[in-house]
Amino acid sequence: MSSHSTRKFVQLCLVAFLFLLPDFERKMTVDAVIPDQPTACVGTRRSEFTMSNSVKLVEVLRNSLADCQFVIGDVHIIKINEQEFIDQGKPFNLSFLDSIREVTGCIQIIDSCFNTPISFKSLEVIRGKCDGEAITMHFMSTCKMQIPPVDFRNLRYIGKGGVLVGGLKNCYLEKRINYDELFSDAANQKFESKLECLEEKESACHESCPVWPDSKNYCWGPGSDQCQARSKCRSIQDCVSNRCYISNGVENCCSENCLGGCYGTSSRQCFGCTRFNKN
């Protein structure tokens, strides 16, 4: 094993070991053993979001997740109100979340209000190893928000748990996303809506978004780069991963080591991997 590979392996072991440490020791250990902006980090805890200052809450998020690609644990966005930033003359910027490619736990966006959509542009895999749903989004009902309020444009796989959405008066997140495509086990994972659906019209997907076998197209927003990706096999029944890529109009099985699809037959061409490996 090369010295570079050895160092990567040691870093992954150390990150996993962080779960055994108290909060303050965990932070000190991350800084000490992985000083060069690690790609893996420990997620947030709900207990960290008890204060009522949105600016400080975003700092908690930034300190935990900035430059992170693989979140070991959960991501919490709780009681964050963009209006507080406006009142203080400060920019509302959560773009640091765009670096995240995988979350081993869950994502919770609760009692929050923002007109600027929250973006997870690089997120491909949510393993859902947590108590509760893989994605919970419940917004302040009095808040006026852009629709859709979140952007998971590259999300391809949800391993465990469903999706729960509430607090909106628009059904975009119910009608424009195909959740069965994301779920590992669509028979037992569900999308649950607590939406009022008072606004009948949902923004259309971009004309370049492909039409799926159900004659619909799906997207996370109006842009040509926000079309929902499709990778579950339709014409092939014996792919171990149940994920395919299309070459010259023909479906081909992804490697059994892939989660959420692939762009070739090799296990090195997966969007996500069945076994978590920081590399």
Side-chain angles (χ1 to χ4, degrees), residues 8 11-51 54-80 93-112 114 118-138 150-152 154-165 182 184 189 259-260 271-279:
K8 289 289 188 181
Q11 285 185 357
L12 179 59
C13 292
L14 287 169
V15 170
F17 173 69
L18 298 181
F19 279 117
L20 304 178
L21 300 177
D23 290 347
F24 72 96
E25 291 184 15
R26 188 185 326 130
K27 175 61 177 173
M28 291 173 64
T29 304
V30 169
D31 292 341
V33 302
I34 317 176
D36 56 341
Q37 296 186 339
T39 58
C41 65
V42 176
T44 58
R45 296 174 183 269
R46 187 160 183 166
S47 59
E48 297 175 294
F49 292 82
T50 57
M51 66 184 82
S54 294
V55 176
K56 291 184 178 179
L57 289 173
V58 169
E59 282 303 307
V60 171
L61 272 176
R62 182 178 287 107
N63 291 339
S64 298
L65 304 177
D67 301 313
C68 183
Q69 291 181 303
F70 297 92
V71 178
I72 304 175
D74 304 330
V75 174
H76 298 89
I77 300 174
I78 300 176
K79 297 181 179 179
I80 293 177
N93 185 358
L94 298 182
S95 61
F96 57 87
L97 298 173
D98 280 337
S99 66
I100 298 173
R101 292 174 52 194
E102 179 172 325
V103 175
T104 65
C106 302
I107 294 178
Q108 295 187 349
I109 305 174
I110 299 174
D111 294 335
S112 294
F114 38 84
I118 291 183
S119 173
F120 290 82
K121 290 181 181 178
S122 301
L123 183 63
E124 296 172 333
V125 172
I126 301 174
R127 293 182 184 265
K129 296 180 179 179
C130 62
D131 296 328
E133 305 297 351
I135 301 176
T136 300
M137 295 183 282
H138 196 282
V150 293
D151 185 353
F152 293 114
N154 282 307
L155 182 60
R156 295 171 174 273
Y157 178 86
I158 298 176
K160 295 180 180 179
V163 176
L164 173 63
V165 181
L182 302 175
S184 172
Q189 293 172 266
L259 290 182
F271 291 113
C273 298
T274 54
R275 295 178 178 83
F276 176 79
N277 186 317
K278 186 184 167 189
N279 293 320

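- Residues Leu65 and Leu97 form a side-chain contact, since some pair of their non-hydrogen atoms from C-beta on lies under 4.5 Å apart.
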Item to check | side chain to side chain contact (heavy atoms under 4.5 Å, CB included) between Phe49 and Thr44, worked out | outcome: CA-CA 9 Å; Phe49 292 82; Thr44 58; 3.9 Å; yes
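- Atom OG1 of Thr274 is separated from atom CZ of Arg127 by 7.5 Å, given to the nearest 0.5 angstrom.
- No donor-acceptor distance shorter than 3.5 angstrom exists from the side chain of Glu48 to the backbone of Val60, with no hydrogens or angles considered.
- The shortest side-chain heavy-atom distance between Phe152 and Asn154 does not fall under the 4.5 Å cut-off.
- When every heavy atom of Phe114 is checked against every heavy atom of Ile80, the shortest pair comes out as CD2-O, 4.4 Å.
- Scanning for side-chain contact (heavy atoms from CB on, under 4.5 Å) contacts around Phe271 gives Glu124, Arg156, Tyr263, with sequence neighbours left out.
- Atom CD of Glu102 is separated from atom CD1 of Ile72 by 9.5 Å, given to the nearest 0.5 angstrom.
- A search for side-chain contact (heavy atoms from CB on, under 4.5 Å) contacts involving Lys121 returns Asp98, Ser119, Asp151, Arg153, not counting sequence neighbours.
- Annotation for Cys106 and Glu133: closest pair SG-O, 3.2 Å, computed over non-hydrogen atoms.
- Atom-to-atom distance recorded for Leu259:CG and Ser184:OG is 7.5 Å, nearest 0.5 angstrom.
- Thr136 meets the side chain to side chain donor-acceptor pair (under 3.5 Å) test with no other residue; sequence neighbours excluded.
- The minimum heavy-atom distance between Ile158 and Gly161, with the atom names listed, is CG2-O, 3.7 Å.
- Smallest separation of non-hydrogen atoms from Ala134 and Gly128: CB-CA, 4.4 Å.
- Under the ring pair (Phe, Tyr, Trp, His ring centres under 6.0 Å) criterion, Tyr157 pairs with no residue, sequence neighbours left out.
- With sequence neighbours excluded, no residue satisfies side chain to side chain donor-acceptor pair (under 3.5 Å) with Ser122.
- Remark: Ser112 pairs with no residue by the side chain to side chain donor-acceptor pair (under 3.5 Å) rule, at least two apart or across chains.
- Residues passing the salt bridge (charged side-chain N to carboxylate O under 4.0 Å, His left out) test with Arg46: none are found, sequence neighbours excluded.
- Counting heavy atoms from C-beta outward, Thr39 and Cys68 have side chains that stay 4.5 Å or more apart.
- Under the side chain to side chain contact (heavy atoms under 4.5 Å, CB included) test applied with Ile107, the options Asp74, Ile100, Leu155, Val75 reduce to a single match, Val75.
- Separating the CG atom in Leu61 from the CG atom in Leu94 is a distance of 7.0 Å, to the nearest 0.5 Å.
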Next on the checklist: Walk me through whether Arg62 and Glu59 qualify under salt bridge (Lys or Arg N to Asp or Glu O under 4.0 Å).
Outcome noted: CA-CA 5 Å; Arg62 182 178 287 107; Glu59 282 303 307; 2.5 Å; yes
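- Applying the side chain to side chain donor-acceptor pair (under 3.5 Å) test to Asp111 and every residue at least two apart in sequence or in another chain returns nothing.
- Rounding to the nearest 0.5 Å gives a distance of 11.0 Å between CD1 of Ile135 and CD of Gln108.
- Not counting sequence neighbours, Ser99 has no partner by the side-chain contact (heavy atoms from CB on, under 4.5 Å) test.
- Considering only heavy atoms from C-beta on, Leu57 comes within 4.5 Å of Met51 through its side chain.
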